[in-house]
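Let me begin by presenting the structure, written as structure tokens, before commenting on it.
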Amino acid sequence: MRAPDDPRGFIAAHTRLLPVPYAPEIQLHVADEATALWQKTEDELQEIGLPPPFWAFAWAGGQALARYILDHPEIARGRRAVDFASGSGLVAIAAARAGAQHVVASDLDAFAVAAIGLNAAANGVGGLIQPVATNLLGTVPEADLVFAADVFYERDLAEAVTAWLTDLQASGRTVLIGDPGRTYLPRARLECLASYAVPVSRALEDAEIKQSHVWRLHG
């Protein structure tokens, strides 16, 4: 097994480059066996400090948001974007493929940052995407467009993200959210733009199809 100081080697050893089910124009380095990689991380790798491999899967909200961006490229074309808690980089890649001028893809996990770089390069948009490990909460990024997918699963995080995104929206930025209806989604502040039946891993989502939505944050 590769050590955690070699994220790219670990990703190469434990994933395959495959099309995203609901956005097959994009390929990602994903885990073949969801439960196997997750369990390996939980058990064996916890001792050496690896967090769960959220970056190794195409989550429902991210797939929905990526599909929406690819189908409506005018949203991203020529704009500067931020993809918050980017994971695999799926949404950032969709924005770059749709013509975004520049995309900052942020994630606190060093393995996610490595995966974003690998996935961006595999999709021919490595020069447009900047993977960063910076905590963007509370900052004011130089961007016109902010994406957040699958981030409303834990109360404290959801409250902090909602407050930050609300401030960004109030300052004139467009905020788009991809989410299948997770527990702490701030529905009262959202306008639904699109709904999709997204194929997902039953091992992770306890379903094979997850009804997922793209939302616009309003004041």
Side-chain angles (χ1 to χ4, degrees), residues 4 7 31 34-35 37-39 41-43 45-66 81-92 103-116 130-143 145-193 198 200-201 203-207 210-219:
T35 52
L37 180 57
W38 198 277
Q39 198 65 43
T41 307
E42 291 270 303
D43 295 341
L45 302 184
Q46 190 175 46
E47 295 182 7
I48 51 177
L50 286 188
F54 293 107
W55 50 266
F57 310 100
W59 297 89
Q63 289 198 61
L65 186 50
V82 166
D83 181 23
F84 174 73
S86 185
S88 66
L90 170 58
V91 173
V103 187
V104 171
S106 76
D107 203 289
L108 298 182
D109 182 354
F111 281 72
V113 172
I116 292 164
Q130 179 186 356
V132 301
T134 309
N135 183 356
L136 296 183
L137 288 179
T139 70
V140 181
E142 294 183 5
L145 188 58
V146 180
F147 302 117
D150 299 295
V151 296
F152 296 99
Y153 54 86
E154 193 273 331
R155 184 191 299 273
D156 291 343
L157 174 63
E159 289 178 353
V161 171
T162 298
W164 176 62
L165 294 178
T166 299
D167 287 345
L168 293 180
Q169 188 275 335
S171 69
R173 292 163 176 82
T174 300
V175 177
L176 297 182
I177 292 168
D179 197 278
R182 301 195 190 279
T183 303
Y184 301 106
L185 182 71
R187 291 173 178 79
R189 301 185 182 187
L190 302 177
E191 169 195 1
C192 186
L193 301 179
V198 178
V200 292
S201 167
L204 295 175
E205 297 278 16
D206 196 28
K210 196 86 170 176
Q211 195 69 23
S212 302
H213 314 280
V214 175
W215 312 84
R216 184 195 300 273
L217 182 70
H218 57 71

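Model, not experiment: these values are computed from the prediction.
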key: Heavy-atom side-chain contact between P141 and L168 under 4.5 Å   = yes
remark   = Here the pair of heavy atoms bringing V200 nearest to A60 is CG1-CB, 3.8 Å
message = Could you walk me through whether V140 and R173 satisfy the side-chain contact (heavy atoms from CB on, under 4.5 Å) test, starting with their C-alpha distance in whole Å, then the side-chain angles of each, then the deciding distance to 0.1 Å, before giving a yes or no?
response = CA-CA 10 Å; V140 181; R173 292 163 176 82; 3.4 Å; yes
inquiry  = Which residue in the set L217, L190, V82, D167 passes side-chain contact (heavy atoms from CB on, under 4.5 Å) when paired with V175?
reply    = L217
inquiry  = Could you report the tightest heavy-atom contact between A110 and P7, atom names first, then the distance?
reply    = O-CB, 4.4 Å
side-chain contact (heavy atoms from CB on, under 4.5 Å) partners of A81, counting only residues at least two apart = V103, L145, F147
message = With no hydrogens and no angle check, just 3.5 Å: does a side-chain donor-acceptor pair link R189 and T166?
response = yes
ask   = Can you tell me how far CG of D83 sits from CD of Q130, rounded to the nearest 0.5 angstrom?
value = 13.0 Å
remark   = Nearest heavy-atom contact between A58 and L90 is CB-CD2, 4.4 Å
request  = Could you walk me through whether I177 and L165 pass the side-chain contact (heavy atoms from CB on, under 4.5 Å) test, one step at a time?
outcome  = CA-CA 10 Å; I177 292 168; L165 294 178; 4.2 Å; yes
query = Considering residues at least two apart in sequence or located in another chain, which fulfil the ring pair (Phe, Tyr, Trp, His ring centres under 6.0 Å) criterion with F152?
reply = none
Any S106 side-chain heavy atom under 4.5 Å of T134 side chain = no
note = In terms of heavy-atom contacts, G138 and W164 come closest through N-CD1, 3.1 Å
request  = Return yes if some donor-acceptor pair links the side-chain N/O of T162 with the main-chain N/O of E159 below 3.5 Å, else return no.
outcome  = no
message = For the CG atom of L137 and the CG atom of L108, what is their distance to the nearest 0.5 Å?
response = 8.0 Å
task = Find the distance between CG (D179) and OH (Y184) and round it off to the nearest 0.5 Å.
result = 13.0 Å
ask   = Do you know which two heavy atoms are closest between D150 and W59, and how far apart they sit?
value = OD2-CB, 3.3 Å
request  = Could you tell me which residues satisfy side-chain contact (heavy atoms from CB on, under 4.5 Å) with E191, sequence neighbours excluded, listed by chain and number?
outcome  = L193, R216, H218
task = Taking all non-hydrogen atoms of both residues into account, name the closest pair between A64 and V214 and its distance.
result = O-CG2, 3.6 Å
ask   = To the nearest 0.5 Å, how far apart are CG in N135 and CZ in F84?
value = 6.5 Å
task = For the residue pair F111 and W55, categorise the inter-ring angle as parallel (less than 30°), tilted (30 to 60°) or perpendicular (more than 60°).
result = parallel
